[in-house]
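Data first, discussion second: the structure below is written as structure tokens.
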Protein chains: 4
Amino acid sequence: MNAPHSAAAARPFHEVGAGLAEQFAATRSLTEALAAPLSESDATIQSMEDASPAKWHLAHVTWFWETFLLRDNLEGYTLYDEDWPFVFNSYYEAEGERIARFSRGLLSRPTVAQILDWRAHVDEAMQPLLDREELRPLIELGFAHEQQHQELLLTDIKHALSRNPLGAAMWDGAPSAREGTLGKRGWWKHPGGIALIGHDTGDTEAGFAFDCEGPRHRTLLEPFALADTLVTNGEWEEFVADGGYTNPALWLSDGWAWVNGNDVASPDYWREDEHFTLQGWQARDPDAPVTHISYFEADAFATWAGARLPTEFEWEAIARGQHADTAPAHDPAGGNQLDHAGPVTPLGTDALFGDCWQFTGSAYLPYPRFQPAKGAVGEYNGKFMSGQFVLKGASCATVRGHSRASYRNFFYPHQRWQFTGLRLAKDI
Amino acid sequence: MNAPHSAAAARPFHEVGAGLAEQFAATRSLTEALAAPLSESDATIQSMEDASPAKWHLAHVTWFWETFLLRDNLEGYTLYDEDWPFVFNSYYEAEGERIARFSRGLLSRPTVAQILDWRAHVDEAMQPLLDREELRPLIELGFAHEQQHQELLLTDIKHALSRNPLGAAMWDGAPSAREGTLGKRGWWKHPGGIALIGHDTGDTEAGFAFDCEGPRHRTLLEPFALADTLVTNGEWEEFVADGGYTNPALWLSDGWAWVNGNDVASPDYWREDEHFTLQGWQARDPDAPVTHISYFEADAFATWAGARLPTEFEWEAIARGQHADTAPAHDPAGGNQLDHAGPVTPLGTDALFGDCWQFTGSAYLPYPRFQPAKGAVGEYNGKFMSGQFVLKGASCATVRGHSRASYRNFFYPHQRWQFTGLRLAKDI
Amino acid sequence: MNAPHSAAAARPFHEVGAGLAEQFAATRSLTEALAAPLSESDATIQSMEDASPAKWHLAHVTWFWETFLLRDNLEGYTLYDEDWPFVFNSYYEAEGERIARFSRGLLSRPTVAQILDWRAHVDEAMQPLLDREELRPLIELGFAHEQQHQELLLTDIKHALSRNPLGAAMWDGAPSAREGTLGKRGWWKHPGGIALIGHDTGDTEAGFAFDCEGPRHRTLLEPFALADTLVTNGEWEEFVADGGYTNPALWLSDGWAWVNGNDVASPDYWREDEHFTLQGWQARDPDAPVTHISYFEADAFATWAGARLPTEFEWEAIARGQHADTAPAHDPAGGNQLDHAGPVTPLGTDALFGDCWQFTGSAYLPYPRFQPAKGAVGEYNGKFMSGQFVLKGASCATVRGHSRASYRNFFYPHQRWQFTGLRLAKDI
Amino acid sequence: MNAPHSAAAARPFHEVGAGLAEQFAATRSLTEALAAPLSESDATIQSMEDASPAKWHLAHVTWFWETFLLRDNLEGYTLYDEDWPFVFNSYYEAEGERIARFSRGLLSRPTVAQILDWRAHVDEAMQPLLDREELRPLIELGFAHEQQHQELLLTDIKHALSRNPLGAAMWDGAPSAREGTLGKRGWWKHPGGIALIGHDTGDTEAGFAFDCEGPRHRTLLEPFALADTLVTNGEWEEFVADGGYTNPALWLSDGWAWVNGNDVASPDYWREDEHFTLQGWQARDPDAPVTHISYFEADAFATWAGARLPTEFEWEAIARGQHADTAPAHDPAGGNQLDHAGPVTPLGTDALFGDCWQFTGSAYLPYPRFQPAKGAVGEYNGKFMSGQFVLKGASCATVRGHSRASYRNFFYPHQRWQFTGLRLAKDI
């Protein structure tokens, strides 16, 4: 693959400042840098319906810019190829028919090179729009959207490469060393009471957030404590050794059916004392956070551990520093998150954010008085509000600067190809 | 089938008083009265995995009494047939292996007559336990359990009979006449604030409730209004006529996939201007509440109507009379509910309870500090807390006296073989 | 269930002589006698799509008489119930739409009693037609059709009862004693040459046969030998013990996929040293013929034994006595076949016919110059001529007198709920 | 992709003479020439379980040479990569476990370049074996095997490219012009009698054939006639226009289920008056042979046309010139077959061979006294002898020189991604 167009753009996203043009360049070039180690065929394959080819991600984010920014806002713009929206629209019903999701892996054409040409064309065409302040919300949505696909590109290709019996790595290299020593688990305590939850959609200084993160509203918390460390691989090995996957008393009914229907006996990507990473098969670090677990597994582990999952409200209250012991808010840009294209591994840090998305016991539902955005971009979040659970934080594959305290990630309870883990909570 | 053993027992459950012996007789005889119109083969068939044969319900509730009361609490009791637990256990993992759910419809043996003999045997054996006050909680759980299966017996046989192309009724007779005239829709308003939600598990006077209904806890409500009438068949016909089932903008993403994957174009049991009832195919009453809709349909309708579903907390606050206009609490034993074996039809009344279970937008999740009961009966509720939505109220097939303000019924968002309907809510 | 209408009719079919009226009475009453031990619910259940409820068999054969004889040939006849053809047509496209095959088990209505009333009505109405010689071919087709369903009734209810975890028998009683002693296996030898195969459709004295059994035609055989005994349970146990089900070299590719996809490790209905019979679970007789095997299993066994399956032509040549050692033709009415309602078990005899249908290695395809019959009855055989294999002989559940040398039974290579077994052949 | 290693090797296979070394070079280089127009990602995708990626074909045939020739016959040879047999074995159980068939499309690694290196390595290593006359049978099997995969490479990539909504061609160019004018349909007549069928496995001069083509044996034919032209697109359009796909009377029962279960309404790759070809979407030539039909469709068409399919024996008798009017044998190397890498299209010629494989009504079963070859190569044919039908001739994608009169191609009755068509037969 081609190198990213601009070396200057390699600065981590959260450091490039508030200029839309710089942020645009940083975002676009990171996507290409992430795909750079992939061969044409690596970028084409699709290993399951939940995942998309890397090539498709490269194109889909470009379709987003071309559709919602260029087509809708740039006078006289004509589509680069009028057949491509059919193949690169993801799920926007208002934008018409599209290729079946499980057929994305058949797209040997257009090639990566053709898509990179399209990207360059769109990047060029976008320049005049990056000065138009009234488009800022939509442009910031475009950044957030492309960042989400950067993470998906990594988790999707990880899944695909893992299915290759020959072993296949995206990057070389041993895992990075952890910074600092992890201590014993402690607990951040919260006395309960009314907490302010969600993004303040009326505050123009509050920065970008997705529609589903608001409106800000009050919620009532009971006293609780949240663990100050993530659950580790070593702890999970104890759970396995103690018969965690064979004891129905620990599991939700749907979870028990999932375990037995899919012969699940460990987190995904585990074999013996190794796990599959974007750097290939590697020894598991017992002190690193466990990842690639489903909600069902997270819930069963918490039950086994005599604890529970936090609610999304509890987690956010801790993140915002709204708790009794006057601890400050946690830094959403802290911990092990993605700064540039290169090895991606959960390590374990003292931060609340980073390493892995953390399951909460909260269903992904609308906040009081939630209204989806108007038009096709209104399909971004609201229509997914059934059957999924909220995850908080950020993972080692999340672009630093992308997440925040009010961020609501969401997945079905059986899904686990993301860097998903857990942080225990308990009543006090 | 045999007649119910005791004519005296035909008094409606909620009128028989607090004596366990009387309640036991009333409960057991109602089950048999409900099954009485069914032939041996009606009672044997199973039309889908969600539903069970009527014969199986007759037996399963008896297994519950025999297992958790007689076996565990009556000295010297020996099982009536030691092979039957394998076929009549529903889902209690702690009670061992059991027949696959979808194979219940193959149980031509034992016959209904054999099961009625077992019922009589267990009823007789139960008598000495009905004086033991320390067993009251477990016995009341047995009543509630058998009442749930009374409702399921009706909805399951309705589904099975509906699949018979020859038409097949359980009872003769036109629908009952509605009492009183239904007015135009008004709204019960609530100013918001802290509401006390759930059953007070610490209050010994509070009566029976399932474990999932507690603990009682505070929750914060925003101002809202709840409709004082259910959505009707006539209103639903307008939704259909307006393209409700063909407009993706109205639907949750999973709902839209469900509509298209199952060619859904109306509530279940509709054909032209008729619907299937336990009294066979009958003309639909446009003023009667719509029933047999899924959560997906309820949500799409509310969106179409410019309203939304209430949360379970809002609904309960109205039920308890915790609202501004000093309206009293609603009577959980009011409205169109089941009093005795005979025609079952939604009619429409002014009551909050009755006619149909009402979807809320709340996921079925544990209340703060919820702990499942110990032992096998702890599998009753907690393990189902993923992927389902809460319904409130009571239906025309719910035994009067069974439900209450804190009652939480729950189903998956695609299920609709229960008498399910909706009552709109809105922000104010 | 009611008793069969006429005790006189209990004479075995092949002894009642050529009178249509007597044959009709014998056929109709045997069907009812076979169903007599079944409860209403036994007669209603359906355990897989390949099988039908006993009640449905009772009705379907009656539909055949009513449709093709009464409706089409009796002036002024009106249908007993005009909705019933929809539920009791099996697969005749020319006769219109019909209930989905897998939904036959939901027909709790009409009841067995209602169907017996219909049967009596049709039997009465048929009387004047039984004198009309021009209808003889169609009436004889009706006998053959009903006899096929008598066998299916037995094999279908066997499958259904076997799925009941409580064990369930249709008749009491130990297996009958075998007549005579089985000797060591010998071989009937055939020198090869031109054989006349198939029913002589032009010979009016030749008696009834299905259209697919003709036209008679010449075929060329190589020298071969056919075993004079069926393969036994004891021999099959050796095959199992020798790893027969775990050695892919013995299996057809599709067979190996079937074994592994369905965890097949023995004939159907085996557990330890027992097998399920219409008389319940019983000890297996090692000297009795193995039954309930698929084509895949028969082929694998033959490969293991260093032999092969005969072709249908070889088998028929032996049956007709067209071989070198001047042995006479075998008696199609000999061996262990069905004479009356009562216990049904493979025993082992010296006869070529009886005990079990015998797999051949011949695909079920049209004979040269085959033409299906005109009209709906032309759908009887020809349209099934892809993907199935021919079986010859007759089983312990076949009405004696039903089969003949040219008879071609046929099933898919994975099916084994019939009394299917094998007789080895080899090249010489 | 790289160019084929040797331009000299571009001579058509059937002209290179009997030298193993020349044939080897021609075969190997043609495979690479066929894959040359494909991008890395074209060569990687897999569009259904029946089809394999082009890259996999390149590798699998190489695995065949390495395994059965080099490993088993070249002293001291070590495998190029010991992990590759797991991914490039197709179905040889004796050669151990292998990747699931439907996962071949996930093999982004090894790359095409790596596989071409392997091919070069194996080609080099093979040289000393090409002089060893005792290996001739195995080497000729290797040629035949690789030629089969050349055809599969073309039909598999055609299927994959057809699923790309953007349209995708392998080669440019309009279809070639037909040579000569097609006349009206005539019939080759055969008087019946004993025909010698199959390859003479005992004749050392007879040349290579697969084991399933023998032993040569006598078969008895009835008088018949075989059409001297293939059925055309134009004729098929008449069939469609006449309701061919909506009239159950024309179809086998399994075929009718297949039509309705898959919404089949035309041959594969048709849309309006175009069809998809390896040269992209093109106008259909009404005079060209219809292709991409299933056995079910071929049989229904023949029924509609008042004719039937030939048996494989009839077809072979005509091919060998064993018929009354003293016509000579047909040339197996005649007609429209594959000579070199380039556009592939059915055209229509006067030849018996070429354009498309022709369905027969014969099931693919063993000939009398057939014995599979010993060892793993014995899995080549015999284990597929259930459920499939024989096709005769050769297609426009078959390497000229590959087929012969005794050749037996075989597919399941629903498959149609090969160039499959039909030639009518009738009784006379």
Pair Glu146(B) + Arg119(B), salt bridge at N-O below 4.0 Å
yes
What part of Thr44(C) lies closer than 4.5 angstrom to a heavy atom of chain B: side chain, backbone, both or neither?
side chain
What I want to find out is whether Arg98(B) reaches Glu93(B) closely enough, with some N-O distance under 4.0 Å, to be called a salt bridge.
yes
Considering only heavy atoms, which portion of Leu166(B) lies under 4.5 Å from any heavy atom of chain C: side chain, backbone, both, or neither?
side chain
Would you sort out whether Glu151(C) and Ser395(C) count as a side chain to side chain donor-acceptor pair (under 3.5 Å), showing the intermediate values?
CA-CA 9 Å; Glu151(C) 181 155 4; Ser395(C) 87; 2.7 Å; yes
Pick one of side chain, backbone, both or neither for Ile99(C), based on which atoms fall under 4.5 Å of a heavy atom in chain B.
side chain
Heavy-atom cut-off 4.5 Å, strictly under: side chain, backbone, both or neither for Ser103(C) against chain B?
neither
Take the angle between the ring planes of Phe68(C) and Trp63(C) and call it parallel below 30°, perpendicular above 60°, tilted in between.
perpendicular
